[in-house]
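Numbers for residues simply follow the sequence, beginning at 1. Please read all numbers here as calculations on a predicted model, not as lab measurements.
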Amino acid sequence: LVRYGDPYLQGVAASVLAYCDSPEEVQWLAACATAPAVLMCLSPNAYTSQAATRMLYNISRAGDTARRAIRQAGGVQSLLKVVSTDRAEYGYCRDRAAATLAV
């Protein structure tokens with residue numbers, strides 16, 4: 001669903017995957033879901049974009065390899081777009097985007 005679902009289903013999948021936080025789960029996410037999550041951050045669907053931002057935050061905690069994968073997939077530009085949105089529209093996900101960029 002993360003790769004091929006409609007925007008809402010992508011958001012649902014990313015929302016569920018954002019709860020993966022064991023080291024093994026996060027490594028798996030880093031390997032399989034980084035590129036789709038970066039693209040989903042740019043989605044015009046706020047739910048999808050916010051869920052992808054939360055998922056990238058978790059992925060970034062997996063270490064240098066995961067953070068490099070986020071950068072190589074274009075994550076810096078996507079996360080900067082999230083950070084530049086209005087707080088009222090994006091809420092705490094802006095903070096997650098900023099934290100991901102800071103790591």
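Panel note: side chain Q27, backbone P23; no donor-acceptor pair is recorded below 3.5 Å. In this structure a side-chain-to-backbone donor-acceptor pair under 3.5 Å is present from R67 to S60.
Using a 4.5 Å cut-off on side-chain heavy atoms (C-beta onward), N58 and C20 make no contact.
When the salt bridge (charged side-chain N to carboxylate O under 4.0 Å, His left out) test is applied to D6, no partner is found at least two apart in sequence or on another chain.
A donor and an acceptor atom, one from each side chain of T53 and Q50, are nowhere located under 3.5 Å apart.
Note on V76 and Y57: separate hydrophobic clusters, where clusters join Ile, Leu, Val, Met, Phe, Trp and Tyr whose side-chain heavy atoms are under 4.5 Å apart, directly or indirectly.
E25 and D21 get closest at one heavy-atom pair: OE1-N, 3.1 Å. Shortest non-hydrogen contact noted between A98 and V83 is N-CG2, 3.7 Å. Shown here for V82 and C93, the closest heavy-atom pair between the two residues is CG1-O, 4.1 Å.
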Task: D95 vs R87, side chain to side chain contact (heavy atoms under 4.5 Å, CB included): CA-CA, chis, key distance, verdict - done: CA-CA 9 Å; D95 300 336; R87 180 170 292 285; 3.2 Å; yes
Exercise answer: donor-acceptor pairs, residues 29-43 side-chain atoms, under 3.5 Å, sequence neighbours excluded:
from : atom 1 : to  : atom 2 : distance (Å)
T34  : OG1    : A30 : O      : 2.7
S43  : OG     : N45 : N      : 3.0

Side chains of residues 8-17: which donor-acceptor partners sit under 3.5 Å, not counting sequence neighbours?
from : atom 1 : to  : atom 2 : distance (Å)
Q10  : NE2    : V2  : O      : 3.0
S15  : OG     : R54 : NH2    : 2.6

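Each of L56, L80, I70 was compared with L101 under the side-chain contact (heavy atoms from CB on, under 4.5 Å) criterion, and only L80 meets it.
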